[in-house]
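This report concerns only the one structure given below.
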Amino acid sequence: MKKRLFALALALLMLAALAIPALADSTDGMMVYIIDEADILTYNEWQSLEEKAEKLYAEYGIPAYIVIVDDYSDYGSGGIWSVADAIWDANELGISGDYERADGFMLLMSMSERDFDNGSYGKGQEILTDYGKLIIEDDFLGYFRNDNWYAGFDAYLSGIEYCITQYNSGTPVDGDIGEYGYNENGEYVGKREKGFTLGEIIITALASLGIPGIVVGIGQSKMKNVHKKFEAMDYIVPNSMRLTRQQDIFTHVTQSRRRIERESSSGGGGSFHSGGGSSHHSGKF
Amino acid sequence: MATEVTNYKCPNCTGPLHFGGISDRLECDFCGSSFTIEYIEELNKDKTEQAAENFQGTEFTGEWSGGGEEWGEDGEHIRVYHCPSCSAELICDDTTAATSCPYCNNPTVVPGQLSGALKPDYIIPFRFTKEAAVAQLKEHYKGRWFLPKEFSAQNHIEDIKGVYVPFWLYNGVAEGDVAYVATRSHTRREGDYEVTTTEHYNIRRSGSLEFKNVPVDASTKMPDDHMDSIEPFDYSDMKDFSMAYLPGFLADKYDVSEEASRERAETRCENTVESALRNTVLGYESVMELGKNLNIRRGNVSYALMPVWMLTTKYKDKNYLFAMNGQTGKMAGDLPTSMAKLWGLFAAIGVPIAALLTFLFLR
């Protein structure tokens, strides 16, 4: 069932207490898959992505949406994943199937705090598993961190297509999310690489050389107690300190700015949420 | 020509007296009598004054009496005295003020070295005996992880002597005027950026500190770093000088003048006032000194003899010198290090840590 996003955005507008802007323009008889409310794509980029999403739906029968907004909190309350569900429902996105929610995929991007939600709905959950989400994020988040939006969205759609083809061939993209640093509850606990990381090598070297070095240094310092004295603290007449000038003059201010480094894609982070016919992986880009 | 020296004899048995340290009295080894400093001073007043008057340091002429050996330039610094007990000739250098006769072992004092213009103002008497000094040295070895076992086990003290070391004591006021630049910063977050705001200040501090009795050893025979390391002396126990404290110990008169020693004392005072002013610059994250003007207002200078035990040990053909403050017992002396013990401890700590971390990281 094809739906016009224009009509669905209007429905969302009516449902939400707050004024929610239309998510998409209508194009006669055609579904809109790429909704760029934050206006970060050029028309040509949008068109190219739209064609790719259309082709994907035409070929596999399950749609993938990209929704880009300035601030997801303008569209609902709760975390970005619950806002994503609200948008999905209000706009009646996806293709109805056997699941509580319609089938499909949606990448929601919120530009103000650089949040993303990578969601799969209905049957889409079987195709884009938690592990699959992390696999395709490895590709597209790298582009987003460099503000290369078009390449990132293109990588997202390619990733979705890869997961669909794998699923259709009977080998869905699935695996242990522990490889990405998540525990069985979907909580991020830090990525565990095989072998030593550079940090661990440094810690091991510093601790195994530094601690005995300090202990040996203390012991060695006890062997030498003959030193020339360069001060005469023991011979100060008590209360003889006279401070005749104490001047602190403010001269100027300097300011420096440093961009806060975000965790790399291999570093992981973010959180998983699932229930009610959808599953999500959200985080920062 | 040999010149006069004196010694203090027991009024009861005429045996030689020596200063007892802890007892603060002169003691006789022969009859066990002991006498106050004041009593012996009074008893020997005329004798001491006479000896001082007759004192003439004989410059050795280059000819040994009855012999004919040349002493060359060394003769300029040689003095010859007669032991008042056994009449043996004592050959000393020109700074010796108290010694012992090598023949009869009687304590001998050269009054002329420490009288008149050369008379010290003060003296701090010995409070630690020779036995206590040896015990203190053994105590010094304790807790030294890397001390070779053989060093402490053998513990052969080659030489031990109690010496009254001449010190100049300087009084004065150190004045300082120091300029600094300092910074204080705050960091806040603005979106994806960390913004650090740094406030810059020009700082100026001027002030003064008064010092009393800053000591500088006035003997070239004593290593400066050892003498510095056994500081401080407790000046509350400082006495007016009396010869009667000397018997039983060695003593030298100064051979570094007050003018030549002054620089060390003044540098220490200047450094101290500089530190004190720096310590008033508070509340900044970084402080850098830009310039300074330090000055000393000189006060009076005293001449004092301080009690020091000098101990020498030998280990693997190397001499180790220890100095002990004869008043407080503070010991100073570098000790040899057993490299086997040092690296053994290093490995004993480092290897388990490396193994534990490897296990934790690879688990």
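Since we're looking at a predicted model, the values are computed, not measured. Quick note on labels: first sequence line is chain A, next is B, and so on, each numbered from 1.
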Who wins among [options] for the most heavy-atom pairs under 4.5 Å with chain A?
options	answer
B:N213, B:V351, B:L345, B:T183	B:N213
B:A323, B:A265, B:P215, B:A174	B:P215
B:N171, B:V181, B:T196, B:D177	B:T196
B:T267, B:D228, B:T337	B:D228
B:L356, B:V281, B:T198, B:L277	B:T198
B:D334, B:V273, B:I349	B:D334

Nearest 0.5 Å please: distance from the [atom1] atom of [X] over to the [atom2] atom of [Y].
X	Y	atom1	atom2	result
A:R258	B:T187	CZ	OG1	9.0 Å
B:E210	A:Y235	CD	OH	16.0 Å
B:L335	A:K222	CG	NZ	12.0 Å
A:H252	B:N202	NE2	CG	9.0 Å
A:T204	B:I353	OG1	CD1	10.5 Å
B:H200	A:I249	NE2	CD1	15.5 Å

Please state whether the side chain, the backbone, both or neither of [X] comes within less than 4.5 Å of a heavy atom of chain A.
X	value
B:E231	both
B:S208	both
B:F322	neither
B:P336	backbone
B:M227	neither
B:L147	both

**Prompt:** Would you say the side-chain atoms of A:Q246 and B:T280 include a donor-acceptor pair closer than 3.5 Å?
**Reply:**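 Side-chain D/A pair, A:Q246 to B:T280: absent.
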
If we ignore angles and hydrogens, is there a donor and acceptor under 3.5 Å between the side chains of B:T197 and A:Q255?
->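 Per modelled atom types, B:T197 and A:Q255 side chains form a pair under 3.5 Å.
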
Evaluate whether atom [atom1] of [X] has more than 12 neighbouring non-hydrogen atoms of other residues, nucleotides or ligands under 6.0 angstrom away.
X	atom1	result
B:E263	CD	no
A:N239	CG	no
B:K212	NZ	no
A:Y143	OH	no

Where do [X] and [Y] come nearest, in terms of heavy atoms and distance?
X	Y	value
A:P212	B:G350	CG-CA, 3.6 Å
B:F146	A:V216	CE1-O, 3.4 Å
B:S229	A:V226	OG-CA, 3.3 Å
B:L209	A:S240	CD2-OG, 3.7 Å
B:H140	A:N225	CE1-ND2, 3.5 Å

From the list A:K228, A:K229, A:E231, A:M233, side-chain contact (heavy atoms from CB on, under 4.5 Å) with B:R268 holds only for A:K229

message: Tell me which of these, A:I236, A:L209, A:D248, A:D234, has more heavy-atom pairs under 4.5 Å with chain B than the rest.
response: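 Heavy-atom pair counts peak at A:D248.
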
Taken in chain and number order and not counting sequence neighbours, the residues that satisfy ring-ring contact (aromatic ring centres under 6.0 Å, His included) with B:Y284 are B:Y201

#### Entry: side chain to side chain contact (heavy atoms under 4.5 Å, CB included) partners for B:Q327, two or more places apart
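Side chain to side chain contact (heavy atoms under 4.5 Å, CB included) check on B:Q327 returns B:I124, B:R127, B:F233, B:D234, B:D237, B:P307, B:N325.
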
Okay, A:I203 and chain B: the region with an atom under 4.5 Å from a heavy atom over there is both

